[in-house]
Q: 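Supplied in structure tokens, the structure appears directly below.
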Amino acid sequence: MQRVNDIAGITLGELAAQYQFKTPEHLLKEKGWPGQLLEYVLGASAGSKPVPDFELLGIELKSLPIGYNGKPLETTYVTTVPLTGLTGATFHDSNVKKKLAHVLWLPVLAERALQPIDRIIGSGFLWQPNTDQINQLQRDWEEQIELIALGKIEQISGHLGEVMQIRPKAANSKALTDVIGPHGKLTKTLPRGFYLKTKFTQQILTEHFQG
DNA sequence: ATTTGATCATTC
DNA sequence: GAATGATCAAAT
């Protein structure tokens, strides 16, 4: 947290310069750059291993793009949606619950008009979901996972879920992976991910900075 | 080929 | 303008 507090207020460009990290002109082809820079600087176990960013602390790092109004500009990716082997799956054992058990939120002023290097790092904070938030996530998880388990994934779109939605998460719209089909047989579909709606992350910001 | 880091861009 | 759907690079 000391390192987090040390970088609050400076720009991504200044931080990248200090660590001799590359600085793209735009994020058209390096969409993950802000997160990768922050992981590197804060000492998160690099790479794309399916474990928490700070493995020994069990803490997940999430950068959160916000606008001049302080509100989130984008939904927040959580994890891949399991599309097979859902028999007996429960929210309690889900990757969603594990990922969100302990999060280091790091807001970044990231208006699109600002070049990536001019985006300003905000005040990061540790967060754990409260009972209400757990319950909201569980309801959304169960509703949507049930549809998938019943072979109805094609009925799922981004409008489902009160605070957490399922959307494509793939190289492109032609990528395919296994899924439970309408008649219980495996078929193919676009890989999906769970995303937190901005309503939810905004609530987290509000309760931290005003609560 | 998949997961993680997300943001871009079109649609509503 | 917000939300959904599409997409990109690195790491494994």
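Everything numeric here is computed off the predicted structure, so don't read it as measured data. Only heavy atoms go into these numbers, but all of them, side chains included; no hydrogens, no water, no symmetry mates. We name chains A, B, ... by the order of the sequence lines, and we start the count at 1 in each one.
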Q: Would you indicate what A/Pro191 reaches in the nucleic acid, counting non-hydrogen atoms under 4.0 angstrom: base, sugar-phosphate, or nothing?
A: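 A/Pro191: no heavy atom of the nucleic acid under 4.0 Å.
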Q: Is the base of C/dA3 touched by the side chain of A/Tyr195 through a donor-acceptor pair closer than 3.5 angstrom?
A: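 No, the side chain and the base share no sub-3.5 Å donor-acceptor pair.
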Q: Among the nucleotides C/dT4, B/dG5, C/dT7, which one has an atom lying closest to any side-chain atom of A/Arg167?
A: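 The answer is C/dT4, which lies nearest to the side chain.
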Q: Taking only side-chain nitrogens and oxygens of A/Thr80, does any of them come within less than 4.0 Å of OP1 or OP2 of B/dT2?
A: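 A/Thr80 to B/dT2 OP1/OP2: no side-chain N or O under 4.0 Å.
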Q: Could you please name the option among B/dA6, C/dT7, B/dA9 that lies closest to any side-chain atom of A/Pro168?
A: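 Given the options B/dA6, C/dT7, B/dA9, the side chain of A/Pro168 is closest to C/dT7.
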Q: With respect to the phosphate group of B/dG5, does any side-chain polar atom (N or O) of A/Lys62 fall under 4.0 Å of OP1 or OP2?
A: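 Yes, within the criterion.
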Q: How close or far is atom P of C/dA6 from atom CG of A/Leu176, stated in whole angstroms?
A: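 The answer, rounded to whole Å, is 12 Å.
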Q: Which residue lies toward the 5' end of DNA chain B, A/Thr79 or A/Arg119, if each is placed at its nearest nucleotide?
A: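 The 5'-side residue here is A/Thr79.
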Q: Do the side-chain N and O atoms of A/Gln138 and A/Glu142 include a donor-acceptor pair separated by under 3.5 angstrom?
A: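 Checked: A/Gln138/A/Glu142 side chains pair up, N/O donor to acceptor below 3.5 Å.
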Q: Are A/Tyr77 and A/Phe194 an aromatic pair, judged by ring center distance below 6.0 Å?
A: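 For A/Phe194 and A/Tyr77, the ring centres are not under 6.0 Å apart.
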Q: Here's a test for you: under side chain to side chain contact (heavy atoms under 4.5 Å, CB included), which of A/Ile145, A/Ile148, A/Val179, A/Asn95 qualifies with A/Pro82?
A: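 It is A/Ile145; the other options fail the test.
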Q: Would you kindly check whether a donor in the side chain of A/Lys169 faces an acceptor in the base of B/dG5, or vice versa, at under 3.5 angstrom?
A: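 Answer is yes: a donor-acceptor pair is held.
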Q: Would you mind reading off the distance between A/Trp105 atom CH2 and B/dG5 atom C1', rounded to a whole angstrom?
A: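 Taking atom C1' of B/dG5 as the reference, CH2 of A/Trp105 is at 14 Å.
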Q: Hey, does the side chain of A/Ser173 come within less than 4.0 Å of C/dG5's phosphate (OP1/OP2), counting only N and O?
A: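 So the side-chain polar atoms of A/Ser173 never come under 4.0 Å of the phosphate oxygens OP1 or OP2 of C/dG5.
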Q: More 5' along DNA chain C: A/Ser157 or A/Lys22, using each one's nearest nucleotide?
A: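 Final value for this comparison: A/Ser157.
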Q: According to a strict under-4.0 Å criterion, is A/Tyr77 in side-chain N/O contact with OP1 or OP2 of B/dG5?
A: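 Result: no.
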Q: Hey, which of A/Leu38, A/Leu61, A/Leu57 is the one that makes side chain to side chain contact (heavy atoms under 4.5 Å, CB included) with A/Leu104?
A: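 Per the side chain to side chain contact (heavy atoms under 4.5 Å, CB included) rule, the option paired with A/Leu104 is A/Leu61, out of A/Leu38, A/Leu61, A/Leu57.
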Q: Under 4.0 Å, heavy atoms only, any strand: does A/Lys199 hit a base, just the sugar-phosphate, or nothing?
A: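 A/Lys199: no heavy atom of the nucleic acid under 4.0 Å.
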Q: If each of A/Asn69 and A/Lys174 is mapped to the nucleotide of DNA chain C with the nearest heavy atom, which maps nearer the 5' terminus, i.e. the 5' end?
A: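 Result of the comparison: A/Asn69.
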Q: Which is true for A/Leu190 with a 4.0 Å heavy-atom rule: it touches a base, it touches only sugar-phosphate, or it touches nothing?
A: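 Since only primed, P, OP1 and OP2 atoms lie under 4.0 Å of A/Leu190, the category is sugar-phosphate.
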Q: Check A/Glu30 with A/Lys22, please: is the shortest side-chain N to carboxylate O separation under 4.0 Å?
A: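 Judged by the 4.0 Å cut-off on N to carboxylate O distance, A/Lys22 and A/Glu30 do form a salt bridge.
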Q: Whole angstrom is fine here: how far is it from OH in A/Tyr68 over to P in C/dG1?
A: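 Computing the A/Tyr68:OH to C/dG1:P distance gives 15 Å.
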Q: Counting neighbours of CD on A/Glu146 that are heavy atoms of other residues, nucleotides or ligands and sit closer than 6.0 Å, is the number greater than 12?
A: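 It does not: A/Glu146 CD has 12 such atoms or fewer within range.
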Q: Whole-Å distance between C/dA9 C1' and A/His26 NE2?
A: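 My rounded result for the distance is 13 Å.
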Q: Report the distance from atom CZ of A/Arg192 to atom C1' of C/dG5, rounded to the nearest whole Å.
A: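 Going from CZ in A/Arg192 over to C1' in C/dG5 covers 10 Å.
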Q: Give the rounded distance in Å between these two atoms: CD1 of A/Ile66 and P of B/dA6.
A: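 That distance rounds to 15 Å.
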Q: Taking atom types as they are modelled, would you say the side chain of A/Arg112 forms a donor-acceptor pair with the base of B/dA9 within the 3.5 Å cutoff?
A: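 Yes.
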Q: Is there a side-chain polar atom (N or O) of A/Thr198 under 4.0 Å from OP1 or OP2 of C/dA3?
A: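 Yes, because at least one side-chain N or O of A/Thr198 sits under 4.0 Å from OP1 or OP2 of C/dA3.
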Q: Ignoring backbone atoms, establish whether A/Gln36 has a side-chain N or O less than 4.0 Å from OP1 or OP2 of B/dA6.
A: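 For B/dA6, OP1/OP2 do not have a side-chain N/O of A/Gln36 under 4.0 Å.
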Q: Tell me whether the side-chain N/O atoms of A/Lys99 come closer than 4.0 Å to OP1 or OP2 in B/dT4.
A: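 Yes.
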Q: Calculate the interatomic distance between A/Leu28 atom CG and B/dT10 atom P; express it in whole Å.
A: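 Answer to the nearest Å: 12 Å.
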Q: Between A/Thr198 and A/Glu74, is there a side-chain donor-acceptor contact under 3.5 Å, judged purely by atom types and distance?
A: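 No pair is found: no donor N or O on one side chain lies under 3.5 Å from an acceptor on the other.
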Q: Mind checking if A/Thr76 touches a base, just sugar-phosphate, or nothing, with heavy atoms under 4.0 Å?
A: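 Contact class for A/Thr76: none.
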Q: Regarding A/Gly32, tell me which of base, sugar-phosphate or nothing describes its non-hydrogen contacts under 4.0 Å with the strands shown.
A: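 Contact class for A/Gly32: base.
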Q: Using a 4.0 Å heavy-atom cut-off, does A/Ala110 contact any base of the nucleic acid, only the sugar-phosphate backbone, or nothing at all?
A: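 No contact.
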Q: Rounding to an integer number of Å, can you tell me how far A/Asn172 CG sits from C/dC8 P?
A: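 Taking atom P of C/dC8 as the reference, CG of A/Asn172 is at 7 Å.
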